[in-house]
Amino acid sequence: MKTEREIMLSAQLYASADKELIALRKVCKRRVALYNQVAHEEEDQVQGLLADMLGAVGEGSYIEPDVYIDYGKNVYVGEAFYGNTGLTILDTCEVHIGDHVMIGPRVSLITAGHPIDSGVRNRGLEFGKPITIGDNVWIGANVFIGPGVTIRDNAIIGGGAVVVKDIPANAVAVGNPAKVMRDITSEDKDYWEQQEQAYYDNREK
């Protein structure tokens, strides 16, 4: 017989009042509270707290306090990830975040959902769908990313967007609901590499 945790992670209806799930959420709350309270002056300490809180975390990754996470161990973060303050992750299902991802302030990654039928909802059944964010993604401030969404490599999500459908690679998406505004082009790459060169030139003056 499957546990409620196994059912939850398989993206099926599950009972959130299950004793094991309540206990897991309480453990995560203690870890999150400790992470939010420490001074964040010692890099090794912060990395240790992140590793204790998350399912996996890559080298050089950091999340600003305050952060809120439901279970923690269902979140898998790659290398050089940066999450700004106010990050909320409801990880009823797994959340996978790639390398070199930048997330702005007050972003919500919400895998959790509730049945449309009020009777089923009132009987305490919920569901989740996993979220996947590829490599080199930049997510602006106040973005909502909903259950089941995949954001592919190199995409940019404009501030305030509500993302409820998949976003392709190398695209800029904005709005509510978020829609692809344009592709990221070779002209973008050329422009920003010129700006980078100008930066180094200015430093040498």
Side-chain angles (χ1 to χ4, degrees), residues 2-14 16 21 24-25 27-29 31-32 35 46-65 67-113 126-158 161-173 177-178 180 184:
K2 290 184 178 180
T3 65
E4 292 297 324
R5 181 176 181 274
E6 289 171 333
I7 296 170
M8 178 182 77
L9 290 172
S10 68
Q12 303 298 313
L13 285 176
Y14 74 98
S16 64
L21 294 180
L24 290 171
R25 292 195 295 269
V27 169
C28 187
K29 280 183 171 63
R31 290 169 174 162
V32 168
Y35 186 84
V46 171
Q47 287 297 309
L49 290 170
L50 276 175
D52 191 42
M53 187 167 60
L54 305 180
V57 59
E59 185 177 352
S61 292
Y62 180 68
I63 302 174
E64 299 278 1
V67 59
Y68 178 85
I69 305 176
D70 253 356
Y71 292 96
K73 292 302 182 180
N74 301 329
V75 179
Y76 302 87
V77 173
E79 295 183 358
F81 165 73
Y82 177 75
N84 213 319
T85 186
L87 177 61
T88 295
I89 305 177
L90 302 191
D91 55 328
T92 295
C93 280
E94 291 184 354
V95 175
H96 290 265
I97 300 173
D99 298 336
H100 298 279
V101 173
M102 298 172 59
I103 291 183
R106 298 175 301 279
V107 168
S108 297
L109 309 180
I110 310 298
T111 70
E126 303 178 6
F127 70 93
K129 294 182 180 180
I131 290 173
T132 302
I133 299 172
D135 296 337
N136 308 311
V137 171
W138 172 23
I139 298 170
N142 298 301
V143 168
F144 170 90
I145 298 173
V149 165
T150 294
I151 299 174
R152 302 196 183 279
D153 294 352
N154 306 311
I156 295 174
I157 311 299
V162 175
V163 187
V164 293
K165 293 185 178 180
D166 293 353
I167 303 298
N170 304 300
V172 178
V180 173
I184 297 171

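Keep in mind that this is a model prediction, so the values were computed, not measured. For the numbers below, each heavy atom of this structure counts, side chains included, while hydrogens, waters and symmetry mates do not.
The stretch residues 142-157 participates, sequence neighbours left out, in these side-chain hydrogen bond (donor to acceptor under 3.5 Å, both in side chains) pairs: R106-N142, N136-N154, N154-N170. Residues in residues 84-97 take part in no salt bridge (charged side-chain N to carboxylate O under 4.0 Å, His left out) pair, two or more places apart or across chains. For residues 81-105, the set of pairs meeting the ring pair (Phe, Tyr, Trp, His ring centres under 6.0 Å) definition, not counting sequence neighbours, comprises Y76-H96.
Under the side chain to side chain donor-acceptor pair (under 3.5 Å) criterion, D52 pairs with R31, not counting sequence neighbours. F144 is linked by a ring pair (Phe, Tyr, Trp, His ring centres under 6.0 Å) to nothing, counting only residues two or more places apart in sequence or in another chain. Shown here are the side chain to side chain donor-acceptor pair (under 3.5 Å) partners of D135, two or more places apart in sequence or in another chain: there are none.
Across Q47 and G58, no two heavy atoms sit closer than the pair OE1-O, 4.0 Å. The nearest pair of heavy atoms linking P147 to A112 is CG-O, 3.4 Å. Here the closest heavy-atom approach between residue C28 and residue G72 is recorded as SG-N, 3.6 Å. Annotation for T92 and L9: closest pair O-CD2, 3.6 Å, computed over non-hydrogen atoms. In plain terms, the two heavy atoms of C93 and P130 that are nearest each other are CB-N, 3.6 Å. For the pair V164 and P177, the tightest heavy-atom approach, listed with the atom from each and the gap, is CG2-CB, 4.1 Å.
Atom NZ of K29 sits in a crowded spot, with more than 12 heavy atoms from other residues, nucleotides or ligands closer than 6.0 Å.
Within the 4.5 Å cutoff, the side chain of T85 has heavy atoms near those of the P105 side chain. Contact check for I103 versus N84: no side-chain heavy atoms found under the 4.5 Å cut-off. Looking only at side-chain heavy atoms (C-beta outward), L90 and Y68 come within less than 4.5 Å of each other. In this structure, the side chains of R5 and N74 come closer than 4.5 Å at one or more pairs of heavy atoms. At a threshold of 4.5 Å between non-hydrogen side-chain atoms, the residues V46 and Y35 count as touching. Two residues are said to be in side-chain contact when any heavy atoms from C-beta on lie closer than 4.5 Å; Y71 and R25 meet this criterion.
Expressed to the nearest 0.5 Å, how far CD1 of I145 lies from OG1 of T88 amounts to 12.0 Å. The structure places CH2 of W138 at 7.0 Å from CE of M102, a figure rounded to the nearest 0.5 Å. Separating the CE atom in M8 from the CG atom in L24 is a distance of 7.5 Å, to the nearest 0.5 Å.
Partner of S61 under the side chain to side chain contact (heavy atoms under 4.5 Å, CB included) criterion, out of V101, I97, V77, L54: V77 alone. Just one residue in the list T132, T111, V163 forms a side chain to side chain contact (heavy atoms under 4.5 Å, CB included) with V149, and that residue is V163. A side chain to side chain contact (heavy atoms under 4.5 Å, CB included) with L87 is found for one member of I69, I139, V107 and no other, namely V107.
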Exercise for review: Assess whether side-chain contact (heavy atoms from CB on, under 4.5 Å) is satisfied between I133 and L109, documenting all intermediate values.
Suggested key: CA-CA 10 Å; I133 299 172; L109 309 180; 4.2 Å; yes

